[in-house]
*Asks:* 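Okay, handing you the structure first.
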Amino acid sequence: MADEMRATPLLDELEKGPWPSFVKEIKAAAKAKPTADDLLGQLELSYKEKISHWKHGGIVGVMGYGGGVIGRYSDVPEQFPNVSHFHTLRVNHPSGWFYTSDVLRKLCDIWETHGSDLTNFHGSTGDIILLGTKTDELEATFNDLTKLGFDLGGSGSVMRTPSCCVGEARCEWACYDTMALCNDLTHTYQDELHRPAFPYKFKFKCSGCPNDCVASIARADLSIIGTWKDDIQQDDAAVSEYAAAGLDIQKDVCDRCPTKCMDWDGKRLSINNRECVRCMHCINVMPKALRPGKEKGATLLIGAKAPILQGALLSSVLIPFVPAQELLETVKELVSRIWDFWGEYGNNRERVGELIQRIGMPAFLDAIGLDPVPEMVSAPRDNPYIFFQSEDVEEGETPGEEALDEAAVKETK
Amino acid sequence: MADEMRATPLLDELEKGPWPSFVKEIKAAAKAKPTADDLLGQLELSYKEKISHWKHGGIVGVMGYGGGVIGRYSDVPEQFPNVSHFHTLRVNHPSGWFYTSDVLRKLCDIWETHGSDLTNFHGSTGDIILLGTKTDELEATFNDLTKLGFDLGGSGSVMRTPSCCVGEARCEWACYDTMALCNDLTHTYQDELHRPAFPYKFKFKCSGCPNDCVASIARADLSIIGTWKDDIQQDDAAVSEYAAAGLDIQKDVCDRCPTKCMDWDGKRLSINNRECVRCMHCINVMPKALRPGKEKGATLLIGAKAPILQGALLSSVLIPFVPAQELLETVKELVSRIWDFWGEYGNNRERVGELIQRIGMPAFLDAIGLDPVPEMVSAPRDNPYIFFQSEDVEEGETPGEEALDEAAVKETK
Amino acid sequence: MGTQTERLTDIGPPNYEQFLHPVIKKNYGKWKYHENLAPGVLCHVSETGDRIYTVRAGSPRLLSIQTVRLFADLADRYSGGYLRFTSRNNVEFLLDNPDNIEPLRKDLAESGFPVGGTGNAISNIVHTQGWVHCHSSATDASGIVKAVMDAVYDHFTGQKLPAKLRIALACCLNMCGAVHCSDIAILGIHRRAPKVRHDMLNKVCEIPTAIASCPTGAIRSATVDGKPSVEVIDAQCMFCGNCYTVCPAMPLNDPENDGLSIWVGGKVSNARSAPRFSKLAIPFIPNNPPRWPEVVDAVVNIVEVYARNARKYERVGEWIDRIGWPKFFELTGIEFTRYHIDDFKNAGLTYARSAHLRF
Amino acid sequence: MGTQTERLTDIGPPNYEQFLHPVIKKNYGKWKYHENLAPGVLCHVSETGDRIYTVRAGSPRLLSIQTVRLFADLADRYSGGYLRFTSRNNVEFLLDNPDNIEPLRKDLAESGFPVGGTGNAISNIVHTQGWVHCHSSATDASGIVKAVMDAVYDHFTGQKLPAKLRIALACCLNMCGAVHCSDIAILGIHRRAPKVRHDMLNKVCEIPTAIASCPTGAIRSATVDGKPSVEVIDAQCMFCGNCYTVCPAMPLNDPENDGLSIWVGGKVSNARSAPRFSKLAIPFIPNNPPRWPEVVDAVVNIVEVYARNARKYERVGEWIDRIGWPKFFELTGIEFTRYHIDDFKNAGLTYARSAHLRF
Ligand code: SRM
Ligand code: SRM
Ligand code: SRM
Ligand code: SRM
Ligand code: SF4
Ligand code: SF4
Ligand code: SF4
Ligand code: SF4
Ligand code: SF4
Ligand code: SF4
Ligand code: SF4
Ligand code: SF4
């Protein structure tokens, strides 16, 4: 193929420096693959002109799937014919991104046969990204992938591949089995993942504790964050060792506790666990001495998303605590109610968090049949604009359906 | 007049109990005044029917003034003819609400001649309220008031009577002369106070320090709150006396400091004045030991208002610090620019705070010619929706346009 | 200003200086510190060593001239004729002679005016007109204030609370009295959409103004029996009353559905924490004149729970910051409902967007 | 699901269990505590006393199959063939034998892969496609990431920062890297309204969808040389790109006006303070490939000022909480402009509504 390399003076600058270079990666692939070589060329052109040379893809994909492939076309195909199509496949990753050398090699072999030799480990949703191939290779790639036991991830208005932190596989703080839950959800919702049936995308992310190592509260429509109900497990001997080893427990632990619910008298650390908000800080600082409690489970939060259209959202508390053993069932049951309502009342390209913003949490709770609890708010309303429901006022109209009335109605707000 | 009292079984219940009773006040007035007596009757009716019996006033007032009188009419005049009209006059109070027995008596005499004998000392804006008289008494009351040296306050879309805390008259913490400023503003803007020329009302309130004893940050379109620039004045001997007297300086002072910028080693209190946010707490707790600094002045904040229409607003920082001696001039100069812009661009019944909400602070600052400073915000924006101004942007071109073609079918993502 | 006739106009208020006690005039701007001698009694000490004594008495604010004259007499007798009113409508007598404090207190007590309201007390309730003078009131003001102050009287004459506790009342959403930043706010609310008086609307209101007045766009023009008028989409109305303010033909007063709501945790001062709005505690309590027992009980309950649980110097809102809202509802026994969750303009900014939870 | 043919479909991902190191399988859910042995090297200890050693190496994320195979070889050599990737796209080798740590580190170093990113370090930069694969990118992703990581390399291989420092990059406002909660976020932005391709718009887009896509209502339908199309009211456009996402005929890429913005102080974890968004630090830096020196300098400056001034355990945002935003701008020398003041949907909620000020 491309025996003597094309000139890429700009990109070559990015081979310098200590951090591993993506340019070296592309060049490595370019040795064998004209697609990668043309990618290199088009990228050099983008660096020169300071503009992307990709254009919107049409719908491309594999038979019977509504997503999983991102179509991309070069807008300078005459210069770079090998990337005139350059579609990526999104592939469900194994929970926790665990692999064996063997399975990785087999994935590489598949991509060597069908694609550009370029990948992302991983995409930010968590999928394995097979970066760039032609339309007619898609079906073949898919068939080899499924034979190896892999399947496509999502794109478009579908559920996206759930992701999770390493959890119980390698973390002492996991309050539930994140990898099992993530794997169960991915398998349970294969249809929702592969065939667009939603107003917009829907993402799950599972973190084993409030450190939230998969950033679920910032990126998931449903964020599942481990926590505990009882007291922090405390090993006084280990606390003393930390103190002896020079840790300033007052300053670095107690004073940093957001609720100041810890007391250190120089000998003994006492925690007022009823005031503790499970922030993890003290545990993070003294992993040998403190651990989450034994009554473990998770908090379910809803609605995170990126800024388009009305500004970014973090997920907000929907169910403060679900015991670990009830988690899968509770999530499934809850999600079915949420998807029903969202599917019916969500506008096109409206994330569930945006729907809640539009109609208000109270109407949303009515709709999915959840009772309001104070844990759902950082504070009650401060404005006096209370939409009293007809059933609560004298000579009111027929009760029932308020939520949906209000949902319909408050779109004007 | 009403020789034997009318029966008011409900209101009589409110003569019981230790707190001074407004019913007793109305009855006292009712002895001599049929108006007060009919007020009593109508109020008893309201208590029975749980509804107000006042109607919207038409515009009533005194010659040449556009406000200062609130017109009120009974909706049951046949039952209570003496309150068929029952208008109140709003009267500018002397700064700080200071009086002599002599001047109070003269005010009473005027009201005895022309009104219901009922008053409010004071209305929540700060005016003296002469509560209830007939239309044809208004002019006469006004003339007697002006002879005594009093004038009307505001109502409608005018500047309202400014108010201030007691300040330097009786408070050691005043960082500027609140009463002088309040009095100067009231006199400077008599025309704006008496003749509607604004989109809506405009209120000034002057507090001498961040304790804000006239609640200016919650109730004033322009809030003027005293503060200081240099270090807190500290009397170490007095600090020790507080400690000796049993004050827990660590717990009650240092630990309550919002920026934790105070250090108490059991002997000496040291304040990191650069971290101090002038909250007043430590001074409040130890008035003999700590006082505001010597470099005094005020912070100007803009835009507070009640919730109608878009929700209540607290004032926000416009000018972090104005030296005390420059305060009057600065406020006048600033206000003229604000009123010009608000007058031109404010919608009908739109407070200046609402105007700022609508167009955004940046545009407001441009309009009044003030430079942005970080003190104006609790934090910079978190949304990426920046309206870059044309002067900051190049006239750009979009290359590669020809490349767009119909091969790019409709996007689905 | 074509109105400048022989009449005196635009003279403004009299200059305050003529009303200042000589000791205050002399020490104006020279005050050094103050002491709280007893509830309602303050002593301010000047750099010059001079002292002025303040005796603060509670007032119903709605005063007959008879009572104003009584205050004048007491001032002549004890404070050289000098007195003032406070931003919370209490009356303050300014004495140069401490020996006059006790006799003044006695005389005030005999006439039924309690001395107090200073320090960590419940001071007078800032309030509004209510049924005494306002057409848009959803409730009375003075009556509830009287009933509540009777119930918390000992907190006015005492100073045993963790911090100042400010109560305010407004009789409709216009919130005259700015109750929106009070430790405890009592707010009159309507709960039914305005009943449009089609017969008169076109005569007494500008239809476009009425339509424009609605923050939720619930009002649209309509023709009713031939007359141009407006109609209100009930489901879209949150009863703010703004339409009634601009259009008399849209009354929303309603004996059955008007009532009170209770709000907590606001503050104005910058002391320690920043100023903040009060938050909803109780969405609705029916009007129950003459003494509104349910409102009184609700306020007393919040005050007592606060007094028992808050730490020194914690205002109500600061106490709740520490214990969290769930605990507030638990301790007060107040029910948390869907109405507590904001669904107005900035709905969503008050949702709990973290995993910080107490169990 | 009419697609159930002989083809395998909807099988989902392979079960993770088959990829777990035996020690992990055995101690799954039994981990007791961990130690950070060195930058990039963790030791997790189980209740059973077993230990698993993790060696974390930096990765460019965009990997050729050659490099993936290299990782596989190293895993075979040192970690029984077991490895994983992290949520920040680093690769982790899982070892049961600590003697393999050093040789593995050496081999990785020789192939150019640094070990680090644990503890109080700057870990890998979460990022997106950029010019490598996305049409809406206002900048490249991988190139800036490479240039920045070269500059902060010692913070990846070291752990000397006050706390973890998370950097993320997204090449347009869609924010695929979810950069909105990062200690330092690098965000590609457009600054010019879309140039409408009237010639083809009607053929490739639904006009109503295009109009509806605009959050500010800046798009309205128009007919241009007889063709149905849309026009953009420039003054109302804030360049979000949503119209381009739904309509290929509305490109807003522009070499002169596209570039970067820098955001600071966000976090995701609930440790100490609640999760929060990043706030605007620098509104615009022009694209300057191949190494974007201005962006690199801006990031390095913020990192170094933070490293010098923050206290132990203070994330960037927590540090700014303590010193205040004015001080942040003063210390970093970044100019505060009108663009820093929010004027979008909830404008006003970020205004300073207290008298708490430092001088
Ligand atoms: C590949 C990936 C970036 C990466 O390099 O890793 C990506 C790439 C694209 N994203 Fe994304 N998003 C990717 C993760 C995300 C994330 C992060 C996450 O999932 O945790 C977000 C923010 C979280 C969220 O969902 O809000 C994200 C928010 C968006 C949005 C804005 C969605 C919103 O509601 O605001 C769009 C716009 C859209 O959906 O039309 C978008 C659209 C796109 C499109 C499809 C742009 C388009 O219209 O074609 C990009 C295709 C690029 C390409 O050429 O391949 N992408 N996108 C990530 C998916 C890889 C994977 O499957 O693992
Ligand atoms: C008398 C007084 C209440 C009292 O009992 O003390 C009062 C009474 C009225 N206010 Fe007020 N407001 C009074 C202080 C306030 C305050 C407090 C303040 O000024 O510090 C506020 C909140 C602060 C603010 O301005 O935002 C206030 C916010 C309103 C509003 C809402 C304004 C807004 O922008 O949200 C209205 C509605 C309006 O203006 O149409 C209003 C309207 C009214 C009207 C005129 C109702 C009407 O439409 O006719 C009331 C006349 C009652 C009557 O029959 O006399 N009143 N009003 C206060 C004036 C006395 C005085 O001059 O000293
Ligand atoms: C007389 C008055 C000013 C006036 O010109 O009328 C006044 C006078 C004083 N205030 Fe005040 N405040 C007065 C209304 C206020 C208000 C406004 C209000 O209540 O509507 C506030 C804001 C309330 C709020 O935050 O919601 C107010 C917040 C304070 C504070 C801060 C308290 C706190 O911890 O938040 C202090 C400091 C303190 O008490 O330690 C203070 C302190 C003081 C001092 C001690 C100042 C001094 O050195 O003289 C004065 C005696 C206070 C006392 O009552 O013990 N004053 N003070 C007002 C009396 C009202 C009344 O009759 O009760
Ligand atoms: C491997 C990984 C999870 C995974 O399944 O991939 C992971 C693993 C661990 N995290 Fe994490 N975190 C990982 C991403 C995250 C993220 C998500 C992100 O960065 O996008 C966060 C949220 C970041 C944020 O707040 O913006 C995160 C916030 C934490 C924290 C809280 C730090 C803080 O003070 O805010 C801790 C506790 C600590 O470090 O003391 C923590 C602690 C840990 C511990 C010590 C947990 C344990 O006991 O094993 C693990 C080693 C940490 C280390 O690197 O020193 N992990 N951790 C992720 C490694 C990413 C990387 O390659 O660097
Ligand atoms: S989120 Fe918690 S449980 Fe999961 S890896 Fe991070 S620290 Fe461990
Ligand atoms: S977890 Fe957080 S809140 Fe709980 S005690 Fe530890 S530091 Fe305090
Ligand atoms: S605001 Fe400050 S200066 Fe004014 S009275 Fe209150 S404490 Fe004194
Ligand atoms: S005034 Fe407030 S911020 Fe300043 S030192 Fe005193 S307590 Fe701290
Ligand atoms: S609060 Fe409402 S009802 Fe009460 S006086 Fe003000 S406007 Fe009238
Ligand atoms: S009361 Fe308020 S919300 Fe209801 S119609 Fe009138 S203006 Fe609209
Ligand atoms: S951030 Fe924007 S430009 Fe970058 S990959 Fe995502 S959609 Fe494409
Ligand atoms: S870029 Fe965004 S704001 Fe501008 S026209 Fe398109 S959608 Fe509207």
Side-chain angles (χ1 to χ4, degrees), chain A residues 210 212 217 225 227-230 258-260 273-279 299 301 303 313-317 320-321 353 356-357 359-363 365-366 372-390 392-395 397 402 405-406 408-410 412-413, chain C residues 173 175 180 187 189 191-192 215-218 233-240 254 256-257 261 263-266 276-281 283-284 317 320 322-330 336-359:
Chain A
D212 198 0
I217 201 166
I225 301 181
T227 190
W228 65 95
K229 243 187 160 163
D230 54 345
T259 60
K260 306 279 175 294
N273 279 275
R274 300 284 65 71
E275 287 304 312
C276 163
V277 289
R278 281 61 178 166
C279 87
T299 303
L301 306 92
L313 296 173
L314 296 175
S315 287
S316 73
V317 175
F321 187 83
I356 295 171
Q357 293 289 100
I359 68 169
M361 182 64 78
L365 294 176
D366 294 343
V373 292
E375 284 79 3
M376 291 172 176
V377 299
S378 58
R381 67 165 62 234
D382 60 24
N383 66 73
Y385 297 150
I386 306 175
F387 289 85
F388 283 96
Q389 295 181 290
S390 39
D392 292 352
V393 298
E394 307 309 315
E395 80 226 33
E397 299 125 2
E402 284 77 13
D405 291 353
E406 290 185 15
V409 149
K410 286 211 250 75
T412 58
K413 273 209 338 261
Chain C
L173 266 52
M175 286 198 192
H180 55 289
L187 176 65
I189 54 170
R191 294 190 310 156
R192 295 281 293 161
T216 68
I233 305 153
D234 282 27
Q236 221 161 327
C237 174
M238 44 54 172
F239 329 110
C240 72
D254 175 338
E256 293 322 304
N257 292 305
S261 56
W263 306 72
V264 300
R276 65 179 76 175
F277 293 127
S278 311
K279 311 293 193 303
L280 181 62
F284 183 72
I320 298 172
R322 173 169 58 81
I323 66 168
W325 283 99
K327 191 83 182 166
F328 168 83
F329 284 97
E330 181 192 323
F336 184 85
T337 71
R338 67 191 303 289
Y339 296 134
H340 289 88
I341 305 178
D342 191 1
D343 57 0
F344 191 55
K345 197 164 133 258
N346 299 322
L349 292 158
T350 58
Y351 300 166
R353 300 193 187 271
S354 85
H356 282 191
L357 289 165
R358 292 178 176 82
F359 296 108

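Everything quoted here is computed from the prediction, not taken from an experiment. Here is how names work: the chains are called A, B, and so on, in the same order as the sequence lines, proteins then strands, and each is numbered from 1.
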*Asks:* What's the shortest heavy-atom distance between Tyr385(A) and Asp343(C), and which atoms?
*Replies:*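 Nearest heavy atoms, Tyr385(A) then Asp343(C): O-OD1, 4.2 Å.
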*Asks:* Picking from Gly353(A), Pro210(A), Pro320(A), which has the most non-hydrogen pairs under 4.5 angstrom with chain C?
*Replies:* Pro320(A)
*Asks:* Determine the option with the most heavy-atom pairs under 4.5 angstrom with chain A, choosing from Pro215(C), Ala218(C), Ser354(C), Ala281(C).
*Replies:* Ser354(C)
*Asks:* Heavy-atom distance under 4.5 Å between the side chains of Asp366(A) and Gln389(A), does that happen here?
*Replies:* yes
*Asks:* Chain A heavy atoms under 4.5 Å from Leu349(C): which part of the residue, side chain, backbone, both or neither?
*Replies:* backbone
*Asks:* Check each atom of Thr299(A) against the heavy atoms of chain C and say whether the ones under 4.5 Å are side chain, backbone, both or neither.
*Replies:*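 Side chain only.
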*Asks:* Listed by chain and number, what are the side-chain contact (heavy atoms from CB on, under 4.5 Å) partners of Ser378(A), not counting sequence neighbours?
*Replies:* Thr350(C)
*Asks:* Between chain A and each of Arg276(C), Lys279(C), Arg322(C), count heavy-atom pairs under 4.5 Å; write down the option with the most.
*Replies:*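 Maximum pair count with chain A is reached by Lys279(C).
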*Asks:* Run the numbers on Arg353(C) and Leu301(A) for side-chain contact (heavy atoms from CB on, under 4.5 Å), then give the verdict.
*Replies:* CA-CA 8 Å; Arg353(C) 300 193 187 271; Leu301(A) 306 92; over 6 Å; no
*Asks:* Is there a side-chain contact between Phe321(A) and Leu357(C) in this structure, where contact means two heavy atoms from C-beta onward sitting under 4.5 Å apart?
*Replies:*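 Side-chain contact under 4.5 Å: no.
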*Asks:* Restricting to side chain to side chain donor-acceptor pair (under 3.5 Å), what partner residues turn up for Glu275(A), sequence neighbours left out?
*Replies:*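 Only Arg358(C) meet the side chain to side chain donor-acceptor pair (under 3.5 Å) criterion with Glu275(A).
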*Asks:* Quick one: does Leu365(A)'s side chain get under 4.5 Å of Ile341(C)'s, heavy atoms only?
*Replies:*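 Heavy-atom side-chain distance check passes, below 4.5 Å.
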*Asks:* Side chain, backbone, both or neither: which part of Leu280(C) has a non-hydrogen atom closer than 4.5 Å to chain A?
*Replies:* both
*Asks:* Mind ranking Ile225(A), Asp382(A), Val373(A) by heavy-atom pairs under 4.5 Å with chain C and telling me who comes out on top?
*Replies:*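 Highest number of pairs under 4.5 Å: Asp382(A).
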*Asks:* Look at Phe328(C), Phe284(C), Phe329(C), Tyr351(C) and state which one has the largest set of heavy-atom pairs under 4.5 Å with chain A.
*Replies:*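 The residue among Phe328(C), Phe284(C), Phe329(C), Tyr351(C) with the greatest pair count is Tyr351(C).
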*Asks:* Less than 4.5 Å to any heavy atom of chain C: does that hold for the side chain of Asp230(A), its backbone, both, or neither?
*Replies:*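 For Asp230(A), there is no contact with chain C at all, as no heavy atom is under 4.5 Å.
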*Asks:* Can you tell me which portion of Ile386(A) sits under 4.5 Å from chain C's heavy atoms? Options are side chain, backbone, both or neither.
*Replies:* both
*Asks:* How close do Phe387(A) and Gln236(C) get, heavy atom to heavy atom, and via which atoms?
*Replies:*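 The answer is CE2-O, 3.6 Å.
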*Asks:* So which part of Cys276(A) gets closer than 4.5 Å to some heavy atom of chain C, the side chain, the backbone, both or neither?
*Replies:*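 Looking at Cys276(A), just its backbone touches chain C.
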*Asks:* Only pairs of heavy atoms separated by less than 4.5 Å count here; which of Cys237(C), Gly265(C), Ser261(C), Pro326(C) has the most with chain A?
*Replies:*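 If we count pairs closer than 4.5 Å to chain A, Pro326(C) comes out on top.
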*Asks:* Would you call the rings of Phe239(C) and Phe388(A) parallel, tilted or perpendicular if under 30° counts as parallel and over 60° as perpendicular?
*Replies:* tilted
*Asks:* Between chain A and each of His340(C), Arg191(C), Glu330(C), count heavy-atom pairs under 4.5 Å; write down the option with the most.
*Replies:* Arg191(C)
